[in-house]
Amino acid sequence: MIFVESVEHSPFSILHVTGSVNDSIALRGELRNAGLQAGVTNAADFDAVRRELAKTAVDVIYVEYGDNTREMLVALGELAAKEPAVDGVPMVVYDDAATTEDVEAYLAAGAFLVIGDESLVDPMLRRAVAVGLLYKDRDYKAAQLAKSELRCQKLIDGSAEPVAYIQDGLHIYANRAYLDLLGFESIDELLEEPILDLAIGESAGRLKAFLKKEEGEETFTMRAGGGHEIDVMVNSTAASFDGEPCLQIFASQVKEATDDISDQLEYFARRDLLTGLYNRNYLFEQIEARRAEIEAEQEGSGALLLLEILNHEEIKRHIGTTGMD
């Protein structure tokens with residue numbers, strides 16, 4: 001298997017728990033002669049195991065402890081529960097006199113493998129080392145991921161874009177922009193608040209279905225903190241928060257642009273699209289407005305200055321009526 005073959009190209013460390021230092025030296029020699037970059041450290045008893053594990057990270061614990069093997073496994077299991085550095089490290093037992101009951105007892109005590117024949121030491125240890133290296137790589141990547149998530153969290157905290165994390169329909173985190181959008185003073189008001197409680201009318205049913213999807217985009221009518229309603233565009237994606245799977249949502253208020261549209265319509269109704277100058281409609285509006293003003297006041301006057309283009313008909317033949325306007 002590929003992951004077992006990778007052992008040949010990676011340095012690794014084995015803690016050999018046995019009363020014979022010479023056996024540990026011999027094991028190291030055998031693995032080195034097989035082309036492996038193996039480091040083997042001896043530990044004659046449990047106190048020595050603790051000292052060695054405190055000094056050096058190991059990839060496999062190889063237990064060859066005679067009649068006391070099971071007790072050693074139990075002690076190592078208890079140590080692993082307290083020390084994260086030991087947790088996940090495969091424990092391999094060598095016992096060439098083990099019965100089926102012994103093997104079952106070793107496995108129940110936490111052994112990863114039980115070797116009962118000297119010829120299987122090399123291939124079985126390779127497999128155990130491969131698993132140990134995978135655990136180490138997993139822990140390294142988990143640590144890197146945690147650092148990346150922390151950096152992302154700081155960026156989200158200071159982001160102007162409203163962001164929240166939803167787990168099982170409940171808010172578990174929201175940044176300042178999200179709180180301001182929905183009118184909440186602090187995160188404490190929103191924690192454990194079902195997001196469905198903020199949806200109004202038919203939006204509640206659509207939002208419930210939306211939260212079941214890993215990602216999407218949709219607009220919902222939401223109740224803000226002051227009791228007024230706002231339309232909110234929600235984008236969602238699968239994420240994790242504090243190591244737990246959840247849904248990350250980005251929210252933005254949908255604002256009506258009716259004023260802008262009205263201004264644009266009014267502009268185009270009164271202006272020539274080509275030049276931007278006022279058109280004849282605007283001219284007639286102004287003439288009528290001035291006439292009505294004079295009539296209402298029963299006094300005053302108005303004047304219209306007409307600029308006539310020379311060669312009007314000739315130019316009109318070339319550019320048309322619209323062009324002349």
Side-chain angles (χ1 to χ4, degrees), residues 1-140:
M1 298 177 68
I2 295 177
F3 78 95
V4 175
E5 293 174 355
S6 66
V7 173
E8 298 179 2
H9 310 289
S10 305
F12 60 86
S13 176
I14 294 177
L15 179 61
H16 192 190
V17 184
T18 180
S20 172
V21 176
N22 290 334
D23 286 349
S24 299
I25 295 173
L27 175 64
R28 179 182 181 277
E30 290 173 12
L31 296 175
R32 289 277 182 168
N33 290 337
L36 302 177
Q37 303 175 52
V40 179
T41 305
N42 175 264
D45 53 36
F46 185 68
D47 288 337
V49 168
R50 286 191 298 184
R51 288 195 300 270
E52 293 299 330
L53 291 175
K55 293 189 298 183
T56 309
V58 299
D59 301 301
V60 168
I61 299 176
Y62 183 38
V63 182
E64 192 176 356
Y65 215 59
D67 294 338
N68 297 317
T69 293
R70 186 180 179 284
E71 287 74 12
M72 179 60 73
L73 286 173
V74 171
L76 289 171
E78 293 173 351
L79 180 63
K82 303 174 184 177
E83 300 292 340
V86 186
D87 185 30
V89 176
M91 294 188 291
V92 177
V93 169
Y94 179 81
D95 186 350
D96 57 1
T99 63
T100 301
E101 290 76 12
D102 291 332
V103 172
E104 291 176 349
Y106 293 150
L107 295 175
F112 173 68
L113 288 173
V114 179
I115 303 174
D117 191 302
E118 190 173 351
S119 64
L120 297 176
V121 171
D122 184 296
M124 299 294 267
L125 276 182
R126 286 174 186 256
R127 185 172 295 272
V129 168
V131 172
L133 293 176
L134 283 175
Y135 269 112
K136 180 184 289 186
D137 185 60
R138 179 207 63 181
D139 291 343
Y140 171 77

Could you pull out all donor-acceptor pairs under 3.5 Å where a side-chain atom in residues 32-39 meets a protein atom, sequence neighbours excluded?
from, atom 1, to, atom 2, distance (Å)
Arg32, NE, Ala38, O, 2.8
Arg32, NH2, Ala38, O, 3.0
Asn33, ND2, Gly29, O, 3.1

Output a table of donor-acceptor pairs, distance under 3.5 Å, between side-chain atoms of residues 89-104 and any protein atom two or more places apart or on a different chain; print 'none' if there are none.
from, atom 1, to, atom 2, distance (Å)
Asp95, OD1, Ala97, N, 3.0
Asp95, OD1, Ala98, N, 3.3
Asp95, OD2, Tyr106, OH, 2.6
Thr99, OG1, Glu101, N, 3.4
Thr99, OG1, Glu101, OE1, 3.4
Thr99, OG1, Asp102, N, 3.2
Thr99, OG1, Asp102, OD2, 3.1
Asp102, OD2, Thr99, N, 3.0

Return a table of donor-acceptor pairs under 3.5 angstrom between the side chains of residues 67-77 and protein atoms on other chains or two or more places apart.
from, atom 1, to, atom 2, distance (Å)
Thr69, OG1, Tyr65, N, 3.3
Thr69, OG1, Gly66, N, 3.3
Thr69, OG1, Gly66, O, 2.8

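Taking the salt bridge (charged side-chain N to carboxylate O under 4.0 Å, His left out) definition, one finds that Asp122 meets it with Arg126, sequence neighbours left out. In this structure, the salt bridge (charged side-chain N to carboxylate O under 4.0 Å, His left out) partners of Arg50, at least two apart in sequence or on a different chain, are Asp47.
Judged as a ring-ring contact (aromatic ring centres under 6.0 Å, His included), the pairs with a partner in residues 16-39 (not counting sequence neighbours) are, in order, His16-Tyr62.
Contact between Leu133 and Ser10 at its shortest, heavy atoms only, is CD1-CB, 3.9 Å. Here the closest heavy-atom approach between residue Asn42 and residue Thr18 is recorded as ND2-O, 3.2 Å. The minimum heavy-atom distance linking Val40 with Ser24 is given by the pair CG1-O, 3.6 Å.
In this structure the side chain of Glu83 never reaches within 4.5 angstrom of the side chain of Leu53, judged on heavy atoms. For the pair Val49 and Leu15, the minimum side-chain heavy-atom distance is below 4.5 Å.
Side-chain atoms of Asp117 and Ser119 include a donor-acceptor pair closer than 3.5 Å.
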